[in-house]
Engineer: 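Below is a structure I'd like to ask you about.
The first residue in the sequence is number 1, and the count goes up from there. Since the structure is predicted, the reported quantities are computational estimates derived from the model, not experimental observations.
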Amino acid sequence: MTTDLAAFAKATGVKYFMVSFTDLFGGQRAKLVPAQAIAEMQEDGAGFAGFATYLDMTPAHPDMLAVPDASSVIQLPWKPEVAWVAANCVMEGEDVAQAPRNVLRKLIDRAADQGLHVKTGIEAEFFLLTPQGDQISDPFDTAAKPCYDQQAVMRRYEVIREICDYMLELGWGPYQNDHEDANGQFEMNWEFDDALKTADKHSFFKFMAKSVAEKHGLRATFMPKPIEGLTGNGCHAHISVWDGAGNAAKTNVFADDAMDLGLSQSGRHFLGGIMKHASALAAITNPTVNSYKRINAPRTMSGATWAPNTVTWTSNNRTHMVRVPGPGRFELRLPDGAANPYLLQAVIIAAGLDGVSTNADPGKRYDIDMYAEGHKVRGAPRLPLNLLDALREFNKNKGLKSMLGDEFSAAYLKLKHQEWDAFAAHFSTWEKENTLDI
């Protein structure tokens, strides 16, 4: 049954709705709509100029309408008179093919046609910095191995507690919060869900974490590598496939106790698709110039990067791109904090479905410490060294581009190449320091 947003507002005291969509670069765009006008917006959508965001459009394009998906509505726990609602982008009566949430919805439908319902959980890592973003907010957070530091997490208790309280209030099932491996870094976990619901929650979580941090005079960042020499922000995804969506799910089709690691044949093929497309996948899961300072980082101050640089998989071992920590699921450790919440889920499903349809083999399993013994692996591809290499891998991967949609793929490649060109044209301090006197 579709939620009537006007009735929702009346019942909850909501005065404004943030009708929100996410653009190709992961930017969250919204219009603040009074509750008195939401009935019309729920029917027709809020109007946007797509060119003014990171979508491949021009000023000559007609209005893009963001039509609220009422099932996603969330009343802001820290500002109850406002509700956030994810929207689907429409232009002249048709879904905008390049809009990330539409890309994901299309792939979810495609998987459902095959009786496959992807459920995921994500591990959102972020730093709490000073408002200027130039240093860690806690001057006492200086331990060489700060992971799980109980003093440090308690010094930021008010921020972490407030975010966790809100997730409890929203019924997300948060189950642990910790100080992560870098100074100033934290991770918060909540229960896994259907891919679209996880993407909506992921999108809202980033908005919520930033808002709560600002309320406390701090700045939350999901930037992949905000502090040189420290561990970067990952966004690990735990993936399983079920026989139904939501509460209708009864059987995990990735689970088979008779198979190695408890991963079924279809689970192995899905994993095979991830492995097959990994280098191209990186253009979506690691979408910024800064992303490659995380996955190709030298050893950090704590002694490990916790990020992969080679396309390998393993059992319960965190030094590989994919690990199988238990029966019926696997963890993709490639994505970082800059990953678009909707495109992250979409590209996982796209690669996995291709793996299932082609009976893809994930290849040899390596149960070694890749940080210490990675040089012993022969034949496993290295992940891209930079964003340009990743974009080139994505561009030549016709199968993955087709799965995600040709219009989306063309738009994404065009705008991301423009981003790379802007970076390449930038003159850095490093260049002057190292070449001025040559």
Engineer: Go through it in stages, so that I can follow the logic: the residues are R29 and D23, the test is salt bridge (charged side-chain N to carboxylate O under 4.0 Å, His left out), and I'd like the CA-CA distance, side-chain angles, deciding distance and then a yes or no.
Structural biologist: CA-CA 7 Å; R29 312 290 180 163; D23 67 20; 3.0 Å; yes
Engineer: What about W84 and F21, are their ring centers closer than 6.0 Å?
Structural biologist: no
Engineer: Please state whether the rings of F204 and F207 are parallel, tilted or perpendicular, taking 30° and 60° as the class boundaries.
Structural biologist: perpendicular
Engineer: Are any of the side-chain nitrogens in E162 or K215 under 4.0 Å away from the carboxylate oxygens of its partner?
Structural biologist: yes
Engineer: Side chains of N233 and F127: closer than 4.5 Å at any heavy-atom pair?
Structural biologist: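 Side-chain contact under 4.5 Å: yes.
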Engineer: Which pairs of donor and acceptor atoms, one on a side chain in residues 379-393, lie under 3.5 Å apart (sequence neighbours left out)?
Structural biologist:
residue	atom	partner	partner atom	Å
R382	NH1	N309	OD1	3.4
N386	OD1	L388	N	3.1
N386	OD1	D389	N	2.8

Engineer: Would you say Q42's side chain and L5's backbone share a donor-acceptor pair under 3.5 angstrom?
Structural biologist: yes
Engineer: Taking the ring centre of each residue, are W190 and F205 less than 6.0 Å apart?
Structural biologist: yes
Engineer: For F25, does the six-membered ring have the charged nitrogen or CZ of K416 within the cation-pi criterion, i.e. under 6.0 angstrom from the centroid and within 45° of the normal?
Structural biologist: yes
Engineer: Quick one, F48 and L65 - any side-chain contact, counting heavy atoms below 4.5 Å?
Structural biologist: no
Engineer: So do the side chains of I108 and L104 get within less than 4.5 Å of each other, counting heavy atoms only?
Structural biologist: yes
Engineer: Look at the aromatic rings of F222 and F126 and report parallel, tilted or perpendicular, splitting at 30° and 60°.
Structural biologist: tilted
Engineer: Would you mind telling me which of R156, R161, M154 makes a side chain to side chain contact (heavy atoms under 4.5 Å, CB included) with E158?
Structural biologist: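 Single side chain to side chain contact (heavy atoms under 4.5 Å, CB included) partner of E158 among R156, R161, M154: R161.
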Engineer: Carefully, step by step, assess N286 and D336 under the rule side chain to side chain donor-acceptor pair (under 3.5 Å).
Structural biologist: CA-CA 6 Å; N286 306 84; D336 63 43; 3.2 Å; yes
Engineer: Please check: side-chain N/O of H320 versus main-chain N/O of Y366, any donor-acceptor pairing under 3.5 Å?
Structural biologist: yes
Engineer: Do K401 and D406 pass the salt bridge (charged side-chain N to carboxylate O under 4.0 Å, His left out) test, and can you show the C-alpha distance, the side-chain angles, and the key distance before you say yes or no?
Structural biologist: CA-CA 6 Å; K401 287 196 298 181; D406 292 335; over 6 Å; no
Engineer: In terms of side-chain heavy atoms, does T312 have a donor or acceptor partner in T310 at a distance below 3.5 Å?
Structural biologist: no
Engineer: Closest approach of H117 and A112, non-hydrogen atoms and distance?
Structural biologist: CE1-CB, 3.8 Å
Engineer: Could you check whether atom CD of Q150 has more than 12 heavy atoms from other residues, nucleotides or ligands sitting under 6.0 Å from it?
Structural biologist: no
